[in-house]
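Counting starts at 1 for both ligands and their atoms, following the listed order.
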Amino acid sequence: MNVNQSAPPVPPFGQPQPVYPGYHQSSYGGQPGSTAPPTPCGSYNGPVPGYQQTPHPGVSRAPPSSGALPSSTAQVPCGQGAYGQFGQGDVQNGPSSTVQMQRFPGSQPFGSAPLAPVVSQPTVLQPYGPPPTSAQVTAQLAGMQISGAVASAPHPSGLGYGPPTSLASASGSFPNSGLYGSYPQGQAPPLSQAQGHSGAHPPQRSAPQQASSFTPPASGGPRMPSVTGPLLQGQSFGGPPVSQPNHVSSPPPQALHPGTQMTGPPGPPPPMHSSQQPGYQLQQNGSFGPARGPQPNYGSPYPGAPPFSSQSGPQPLPPKRLDPDAIPSPIQVIEDDRNNRGSEPFVTGVRGQVPPLVTTNFLVKDQGNASPRYIRCTSYNIPCTSDMAKQAQVPLAAVIKPLAKLPPEEVSPYIVDHGESGPLRCNRCKAYMCPFMQFIEGGRRFQCCFCSCINDVPPQYFQHLDHTGKRVDAYDRPELYLGSYEFLATVDYCKNNKFPSPPAFIFMIDVSYNAIRSGLVRLLCEELKSLVDFLPREGGAEESAIRVGFVTYNKVLHFYNVKSSLAQPQMMVVSDVADMFVPLLDGFLVNVNESRAVITSLLDQIPEMFADTRETETVFAPVIQAGMEALKAAECAGKLFLFHTSLPIAEAPGKLKNRDDRKLINTDKEKTLFQPQTGVYQTLAKECVAQGCCVDLFLFPNQYVDVATLSVVPQLTGGSVYKYACFQVENDQERFVSDLRRDVQKVVGFDAVMRVRTSTGIRAVDFFGAFYMSNTTDVELAGLDGDKTVTVEFKHDDRLNEENGALLQCALLYTSCAGQRRLRIHNLALNCCTQLADLYRNCETDTLINYMAKFAYRGVLNSPVKTVRDTLITQCAQILACYRKNCASPSSAGQLILPECMKLLPVYLNCVLKSDVLQPGAEVTTDDRAYVRVLVTSMDVAETNVFFYPRLLPLTKSPIESTTEPPAVRASEERLSNGDIYLLENGLNLFIWVGASVQQGVVQSLFSVSSFSQITSGLSILPVLDNPLSKKVRGLIDSLRAQRSRYMKLIVVKQEDKLEMLFKHFLVEDKSLSGGASYVDFLCHMHKEIRQLLS
Ligand SMILES: [Zn+2]
């Protein structure tokens, strides 16, 4: 779902608003000056002990925020002539082809504007002057419709899963809901012009009604906490829930089945039940959930909603139901882990320890295994045999973030320099020296912990062993006692046996009509003027070693010579996009400090030069090609920052057509929506990877741009994609600028290769993430930044044994931002087990979900979405059934018993199944789905956790003076009280939901208006008010934004307002409009699946 977009600029919600959904995000909160200088590490071979990861010396580093810019439609005085002179001078290396004067080759007559002569010469040199003249420059869960959350009685055959709902979509008639404003369907992309999106119809929800026997009000009428299906046994309530129940008993439809796992006495509900809260609550390991009545004031919003009753009884017999408070709560699990594990540092010295959850704040002390910030595993105890692994079906995977940013209190990996001999490795398997290597024969040899090969210790590395067999210098050498460290690479590790040059950044700016008109070009150029001073630097370097270059383009490309000796920048136009070449070398990539004046002049001139452009068509592949060729010519790695607005329909390699077709949803051809429409981009990506050219893509579409195709190169080169649908400076400036700053300043490893080695018995067999692989073992990354993860799956190829455990070693060879070639090594030792119970006790559900989501999101490229969903459900059921069969104490089949470490697996898996990629609502565009698919592919565990199960924080419940973050509540409408205000975030989207009965004083304090009705729905900025509540809420928003890798734009939503639907999409425990099951219903379904497997 998209949200984040601009709430319509002018929000008359009554009307269809062409708002585009966009996933947006990311905050730049400035990079934390997070670089605590590493403590010097004893004396090892003289390496620089102070490797600093992100050299952002404090505040002063943050680039100034650019003020609002005049919106671009501007007024640029389109002077004549000036622009048209020839620049003479030192343009070098330019092909000496025809040179042409000022006009940009116009490509397309637009409207009545006179067309400038189209120029087809390859190169144009132009000095700048005043602006040019006639600037022509020219799914659902297997049909799981389960009765809405509530009281439907059990379907005779189990649950009432109806046929897939969203079938409506199959008819191809997706209403363009005004809220989400999807692009007009089925038409060729309008050539840019003014908004190509037409108005939308009011959301005509094809509510998943027809199928199920019982139809709850689509969006939450009075919701009683009752449930479908099998009943749970419960008991009284009272105290706050303590820990989660992991045993939920769900008896066969007709009987209450006191589960043996339940700790409380089964039996009739205690008498103190309030009348409105019929039903029982399950105990949670002995304590009980708080009583929750129906939401006050919720009675009437949906006049049409039928009064509730389970269809069975004449009435008021309290229906039996699964109490939402009785099923495992993510909030409770998160809280418990914070309380239990947040205070002590996590020390990595012990093999196979499960780290605290990603939602817990904790410090890590590296004592021989890589920090969980670098590697998290689905299980820290691996079955010894592949038979066991197959039986359990628990995927064995590691989510690796090799360049993860550490909090300031933790030490970045030390750099070890072994001089010319380079890092010490096993002769056979090539694993790097690490704490698990065994020194023998008095220290003269070592046995490889991965392949058991015996290696000689080179004389210069020799050291005596102490009485325990340990080298006496073990604590002087990071590679002998730490889980993570770096080696300086020798020339042998460099391309062409040559140390690399420092990398370069090339900014490539679309200057077609849309880009100019939205104000993008002006904003971007203004921002770049200061941002170039904040390129990543190494350690304590005075200035960045990274050189920069600039290109603008529409259907032709304009290169700029910004050599420091020039008085003015010079432009060269390449219009032969079919055979891209770089018209200049010297002066294209420059040092910012040396060329500052010329760069500033260029960035001042670009918006003026193209101000009157009528060119609407763009090319895309040639732009990437040009950037890559420029890096190649400069013999360096680097990154291209592309700012692009439209479907590239101009005649050129990589030209695309609009092939968006929602009729394909839920058909076997749906997968084509996720596949690139041409192979050109894969080929191009491969060349980029070979050159170490990483591509970050910023998209500003007004309509379908084919994200699935345009994201191919960023995906395969380790780059990032950002999308700002219907970009308008006024609405989107903050988000875009924040993302841009953060992206440009990120520390990146260039021209990287990652290899994961394992000890005998298992091996890496599958990889997920943004990278390219030309063989089965080497993950090639043109660039890799600190936000990106690579998920690796392992399979057995032999027996493991409990004594040795299993070892992983991830080695990343990369070029630093200063051009230094390095190897970063992460080691992790896991336990191995012969008892399945040990596997289930040491799993990490958040990591499991990260893996499963990536697996599924890749699956949609090749299989029907429904198949992908079914596969996930089946796998989850098998995992849980295996536990039930082999590990749980015997109990009635009516009980659902979940392993403690996996009790959230069903709720989280349901969130994945309901996500836009696997079960899109009518308002989700094809581009949105492709976009989310790309994002999730590189997410770390913390990001997938909050993305799939958003955080919902009550803002007005805790005392105003409390400084801690308010405790979250479960993502369900039932948890909202209309007298309160809530904040919801999922890492990409940020909402504030205002209940209709919020006190006036609160409304005043936060929004500076006197009543609920005066709050502007869709508001994206809270007024800055001098009162404690306002400060607290704005502070909280700032802190949440700082935690996320993308800026989250705020949307204020009022209860019962139209926009509320957007918000409700994120209440993931509820049934979704697109047919996704509620948590309760899904749990029942899962239970049924498990029982089938067991019977
Ligand atoms: Zn070896």
Taking backbone and side chain together, does C449 place any N/O/S atom at a distance below 2.8 Å from the Zn ion (ligand 1)?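 Not a single backbone or side-chain N, O or S atom of C449 is under 2.8 Å from the Zn ion (ligand 1).
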
For the Zn ion (ligand 1), decide whether C448 has an N, O or S atom at a distance under 2.8 Å.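 Checking C448: at least one N, O or S atom is under 2.8 Å.
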
C451 SG and C426 SG subtending at the Zn ion (ligand 1) (10° steps):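 My answer is 100°, to the nearest 10°.
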
Would R425 and F446 count as a cation-pi pair here, with the cationic atom under 6.0 angstrom from the ring centre and within 45° of the axis?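 No - R425 does not lie over the ring of F446 by the 6.0 Å and 45° rule.
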
Determine, for Y461 and R477, whether the Lys NZ or Arg CZ falls below 6.0 Å from the six-membered ring centre while staying within 45 degrees of the axis.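 Yes - R477 lies over the ring of Y461, closer than 6.0 Å to its centre and within 45° of its axis.
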
Ion pair check, R376 and E844, cut-off under 4.0 Å: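 A salt bridge links R376 with E844.
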
Option from N831, I762, L839, D838 for which side chain to side chain contact (heavy atoms under 4.5 Å, CB included) with I382 holds: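 Testing I382 for a side chain to side chain contact (heavy atoms under 4.5 Å, CB included) against N831, I762, L839, D838 leaves exactly one candidate, I762.
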
